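See structure below.
What you see is a predicted model; the values in this text were computed from it and never measured. Index from 1, following the sequence.
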Amino acid sequence: MIKTRRRGYGILLLTTLALIGLMLVALSLGRYQLSLSELIATLTGQASVSPVIHNIVFSLRLPRILAAAAIGAALAISGTAYQSIFQNPLVSPDLLGVSNGAAVGAALAILLGWHTVGTQILAFALGLIAVLLSVGIPRLIHQSSTLALVLAGIVISGLMQAILGLLKYLADPESQLQDIVYWQLGSLAKVNLNSLGAVLPLLIVGMVILLIMRWRLTVLALGNQVAFAQGINVRLERGLVILSATMLTASAVCLGGTIGWIGLIVPHMARIIIGENTKWSLPLSGLIGAIFLLVVDTLARTLSAGEIPLSILTGYIGTPIFIAILLSKKVAL
């Protein structure tokens, strides 16, 4: 037990240090390269730093890097929570329709001319409706199998994509359509301190709730009978987990648009590294997710003169990773 605890804390510490190191590297990379001395001088507030460099670091890169880390952690933690609560390794915010539902809410808010708070509320509401429909369909047909849940998620995700297509058809092509496409492909190019400050509290609250409940998630993943025997109110705590995970996904979509694959593959990577116990795999998923999206976003803004949408890169990177996980037979389907 002591050896397992030391190993768990050691892995989490090393991953945290890796995340901090990559954040410093990302701050220095871009069209305007910064040396290590310039970066340290800027972060420590030395008077010799030019206003241009100060603006690049604190107004452009730092909000984006913090947003990438927060969104990556949120999507990975919500994916871990969904997979644990539904006892299904194929479940993710994308598969259950939460991401597409939240994108529909954001697109509807754009059509209505709402600002960040309204966009966040509609994204959360439609994301919650999507996951409730995905969970409700198997119960309606009295099927509790993994296949039924996966098929229900595909159906609801397809419905939300159709609604999103209708909203794009109705949108003004000169202004609204561009914003909707931005949400659908995923990008952090428009993130600033104000938009980050509006969404970050909800991301923190959702992650803290799930981190506090990670011991309970381990028991809930063993099935209802085991959870009842441990004195857990299954319906209440399952609902709280779903609500928190949906809030994380919807808030992430509100800030950076629809970003795929992170909620599916990162939880598997964490379990391969640290084991099945959610006590360790959930926080490690958050750290790996933060690193994953931070690397992807850095590539998106440095590989070419223009911004590459994040979902394109996560698809290219996530597909071979998931295939490798399947070939390693580490996932029990």
Side-chain angles (χ1 to χ4, degrees), residues 12-77 181-183 185-197 199-200 203 252-263 265-266 269-270 273 284-321:
L12 293 178
L13 177 60
L14 289 175
T15 312
T16 302
L17 294 175
L19 174 60
I20 295 171
L22 287 171
M23 291 176 75
L24 293 175
V25 172
L27 277 172
S28 65
L29 294 178
R31 294 172 191 172
Y32 192 106
Q33 300 281 351
L34 297 176
S35 66
L36 181 60
S37 58
E38 288 176 323
L39 182 60
I40 293 174
T42 305
L43 294 176
T44 54
Q46 296 182 20
S48 60
V49 177
S50 70
V52 174
I53 295 179
H54 186 277
N55 184 61
I56 288 174
V57 171
F58 287 102
S59 299
L60 298 178
R61 292 184 186 172
L62 186 59
R64 182 165 182 163
I65 288 169
L66 292 176
I71 291 173
L75 293 175
I77 287 175
V181 171
Y182 160 80
W183 289 113
L185 293 178
S187 173
L188 299 178
K190 296 182 179 180
V191 171
N192 54 42
L193 287 175
N194 291 331
S195 60
L196 179 61
V199 176
L200 191 59
L203 291 174
V253 171
C254 178
L255 187 60
T258 306
I259 304 172
W261 287 97
I262 295 177
I265 64 171
V266 171
M269 296 168 65
I273 294 172
L284 183 61
S285 291
L287 291 170
I288 296 176
I291 290 173
F292 185 88
L293 189 56
L294 179 61
V295 171
V296 168
D297 182 60
T298 304
L299 293 174
R301 62 183 175 84
T302 57
L303 283 179
S304 65
E307 288 273 345
I308 302 175
L310 295 177
S311 284
I312 294 176
L313 288 177
T314 56
Y316 280 123
I317 297 172
T319 301
I321 290 176

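No donor-acceptor distance shorter than 3.5 angstrom exists from the side chain of Arg301 to the backbone of Arg31, with no hydrogens or angles considered. For Arg64 (side chain) and Thr298 (main-chain N/O), no donor-acceptor pair under 3.5 Å exists by modelled atom type. No donor-acceptor distance shorter than 3.5 angstrom exists from the side chain of Thr15 to the backbone of Leu284, with no hydrogens or angles considered. With Thr44 contributing its side chain and Ile40 its backbone, the two residues share a donor-acceptor pair below 3.5 Å.
Distance CD1/Ile56 to OG1/Thr42: 9.0 Å, rounded to 0.5 Å. Summarising the geometry, atom CG belonging to Leu17 is positioned 11.0 Å from atom CG belonging to Leu22; distances are rounded to the nearest 0.5 Å. The CG atom of Leu313 lies 11.0 Å from the CG atom of Leu185; values are rounded to the nearest 0.5 Å. Asn192 CG to Leu62 CG: the interatomic distance, rounded to the nearest 0.5 Å, is 12.5 Å. Atom CD1 in Ile308 sits 4.5 Å away from atom CG in Leu303 (nearest 0.5 Å). Interatomic distance, CZ of Arg61 versus CG of Asp297, reported as 11.5 Å (0.5 Å rounding).
Residues Pro63 and Phe58 approach most closely at CD-O, 3.3 Å, considering heavy atoms. Taking both residues in full, the closest heavy atoms of Glu307 and Ser187 are given as OE1-OG, 4.5 Å, listed atom of the first, atom of the second, then distance. Heavy atoms only, all atoms of each residue included: Ala76 and Val266 are closest at CB-CG1, 3.6 Å. Looking at every heavy atom in both residues, Leu203 comes nearest to Ala70 through CD1-CB, 4.0 Å. Considering all non-hydrogen atoms of both residues, Leu188 and Gly256 come closest at CD2-CA, 3.8 Å. Closest approach of Ile262 and Gly72 over heavy atoms only: CG2-O, 3.8 Å.
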Begin with the C-alpha distance, continue with both residues' side-chain angles, and end with the deciding distance and a verdict on side chain to side chain contact (heavy atoms under 4.5 Å, CB included) for Trp261 and Leu75. CA-CA 9 Å; Trp261 287 97; Leu75 293 175; over 6 Å; no
Before you tell me yes or no, could you show the steps for Leu27 and Leu43 under side chain to side chain contact (heavy atoms under 4.5 Å, CB included), namely the whole-Å CA-CA distance, both residues' side-chain angles and the distance that decides it to 0.1 Å? CA-CA 10 Å; Leu27 277 172; Leu43 294 176; 4.3 Å; yes
Evaluation steps, side chain to side chain contact (heavy atoms under 4.5 Å, CB included), between Leu255 and Ser195: CA-CA 7 Å; Leu255 187 60; Ser195 60; 4.1 Å; yes
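Of the candidates Ile259, Val199, Val191, Val253, Ile259 is the only one forming a side chain to side chain contact (heavy atoms under 4.5 Å, CB included) with Ile71.
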Validation: residues 285-294 side-chain donor-acceptor distances under 3.5 Å, sequence neighbours left out:
| residue | atom | partner | partner atom | Å |
| --- | --- | --- | --- | --- |
| Ser285 | OG | Thr80 | OG1 | 3.0 |
| Ser285 | OG | Ser281 | O | 2.7 |

